[in-house]
Amino acid sequence: MAEVLILVDHVDGTVRKTTAELLTIARRLGEPCAVFVGDGFDAARETLAKYGAHKVYRVTGAEVTDYLVVPQAELLTTLVQGTAPAALLISSSAEGKEIAARVAIRTGSGLVTDAVDVRAGEGGAVATTQSVFAGSFTVESTVTKGTPIVTVKPNSATPQEAPAAATEEVVDYTPSEAAKAARITESRPKQATGRPELTEAAIVVSGGRGTGGDFAPVEAFADALGAAVGASRAAVDAGWYPHTSQVGQTGKQVSPQLYVACGISGAIQHRAGMQTSKTIVVVNKDSEAPIFDLVDFGVVGDLFTVLPQATEAVDATKG
Ligand code: FAD
């Protein structure tokens, strides 16, 4: 069975949920093989095996992680050329998409970004589904040239355990001088909020201009649900919430199981970042707000009245 390479998304060996999703998807296409770059592999080993990695290609050392994405793209190019995998899957972060694009160019391969589904297609092809133009169109594609390189949006698969005894291969790789053109001089972890990462969260509760700058009810409801907090651009531009929490065309793209929009009108640019959410719930006091066009459940009401009641009801179910 052909190998399917996935790039492990991790922080010092703590594997992100997206990696388990990629391994789950990879099993549909062939034999999942993880590419682990950086330190902390001991912490990652168990998780990779748990989600079905048959093999792990490991590269350690500052030579790769001290620089921006080019060494990773160069390394993956070497692996793709050496192993001729059935596909290369990478998580759809800004960094992941840049790496994927560089590998596609270097290997003369077709690239699909932001896939929401990947599966085995006819004649052994890798079939992908994308949701484009703010979710207005669903596009089915297959890569016809080279190795299919696909970036996959977080939450596109439910991670399924499939324990495997992963073999490990340490890859002897030294970045070229060209790959070392941009060095990371400092990086600071962002302050922990105790909430899940916005793009990976199963539930996102977002607030907009309708909050009037008071995100307390939005945060309380998010915490009751174990959700991440997002915001519209109007809210972040007003300085009410950090820019890193902006959902939309010029912010983060989220695709959670549940998206709750509170005091958000539903501008096309906001929809672009959340329309692929599985279930959409809205709280807005204007029943004519355009966001009601795409909701599964809508509450016409003042968020300062509705959210505390909803929070209380959720808390009550916890006993
Ligand atoms: P508004 O449109 O002002 O809506 C506020 C809503 O709150 C209204 O529907 C109102 O009825 C409701 N409301 C008011 N008070 C209450 C209350 N007490 N209880 C309940 N409901 C209440 N926007 C993004 O979000 N993300 C982007 O990435 C983004 N990118 C953009 C890129 C470009 C190039 C441009 C031009 C715009 C972009 N925008 C983006 C901005 C976008 O066009 C909208 O201006 C923005 O999304 C509006 O934010 P909002 O819904 O919070 O505010």
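Note that ligands are numbered from 1 as they come in the structure, with each ligand's atoms numbered from 1 the same way.
Note that atom 45 (O) of ligand 1 has no protein non-hydrogen atoms nearby, at separations under 4.0 angstrom.
In terms of protein heavy atoms, atom 4 (O) of ligand 1 is closest to Ser265 CB, 3.2 Å. The nearest heavy-atom contact from the protein to atom 21 (N) of ligand 1 is Lys285 N, 3.2 Å. The protein heavy-atom contact nearest to atom 14 (C) of ligand 1 is Gly210 CA, 3.3 Å. For atom 30 (N) of ligand 1, the closest non-hydrogen atom on the protein side is Thr250 OG1, 2.6 Å. Among protein heavy atoms, atom 18 (N) of ligand 1 sits closest to Asp302 OD1, 3.1 Å. Here the heavy atom of the protein found nearest to atom 48 (C) of ligand 1 is Ala234 CB, 3.9 Å. Of all protein heavy atoms, the one lying nearest to atom 50 (P) of ligand 1 is Ser232 OG, 3.5 Å.
Here Ala267 has side-chain heavy atoms under 4.0 Å from ligand 1, and that is the only part of it that gets that close.
For the residue pair Gln81/Thr77, the side-chain donor-acceptor check at 3.5 Å is not satisfied. In this structure, a donor-acceptor pair under 3.5 Å is present between the side chains of Asp9 and Thr18. No hydrogens or angles considered: nothing links the side chains of Ser156 and Glu21 as a donor-acceptor pair under 3.5 Å. A donor-acceptor pair shorter than 3.5 Å cannot be found between the side chains of Tyr259 and Thr279.
Between Phe36 and His10, the angle of the ring planes stays under 30°, which puts this pair in the parallel group of the 30/60° scheme.
Listed by number with element, the atoms of ligand 1 under 4.0 angstrom from any heavy atom of Gly248 are 26 (N), 27 (C), 28 (O). Within the listing of ligand 1, atoms 52 (O) sit less than 4.0 angstrom from a heavy atom of Gly208. Close contacts between ligand 1 and Gly301 involve ligand atoms 19 (N), 20 (C) [criterion: under 4.0 Å to a heavy atom]. Listed by number with element, the atoms of ligand 1 under 4.0 angstrom from any heavy atom of Gly251 are 28 (O). Close contacts between ligand 1 and Gly263 involve ligand atoms 5 (C), 6 (C), 7 (O), 12 (C), 21 (N), 22 (C), 52 (O) [criterion: under 4.0 Å to a heavy atom].
In the candidate list Thr305, Asn284, Val247, Val247 is nearest to atom 26 (N) of ligand 1, counting heavy atoms. Relative to atom 35 (C) of ligand 1, the option among Gln253, Arg209, Gln269, Gln246 with the closest non-hydrogen atom is Gln269. The residue from Glu288, Arg233, Gln249 that puts a heavy atom closest to atom 32 (C) of ligand 1 is Arg233.
The main-chain N or O of Ser141 is found under 3.5 Å from a side-chain atom of Thr128 such that the two form a donor-acceptor pair.
Checked against Lys55 for a side chain to side chain donor-acceptor pair (under 3.5 Å), the options Glu169, Glu31, Glu168 give a single hit: Glu169. Checked options Lys17, Arg16, Arg195; the residue passing with Glu200 is Arg16 (criterion: salt bridge (Lys or Arg N to Asp or Glu O under 4.0 Å)).
Geometrically, ligand 1 and Leu303 share a nitrogen or oxygen pair separated by less than 3.5 Å.
The existence of a salt bridge linking Glu74 and Arg102 is excluded, since no basic side-chain nitrogen approaches an acidic carboxylate oxygen closer than 4.0 Å.
When side chains are defined from C-beta on, Arg188 counts as touching Glu186, because their heavy atoms get closer than 4.5 Å. No side-chain heavy atom of Asn284 sits less than 4.5 Å from a side-chain heavy atom of Val300.
Within the structure, ligand 1 lacks Gly212 among the residues with a heavy atom less than 4.0 angstrom away.
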Given Gln130 and Glu140, is the side chain to side chain contact (heavy atoms under 4.5 Å, CB included) satisfied, shown in steps? CA-CA 7 Å; Gln130 289 159 293; Glu140 308 287 342; over 6 Å; no
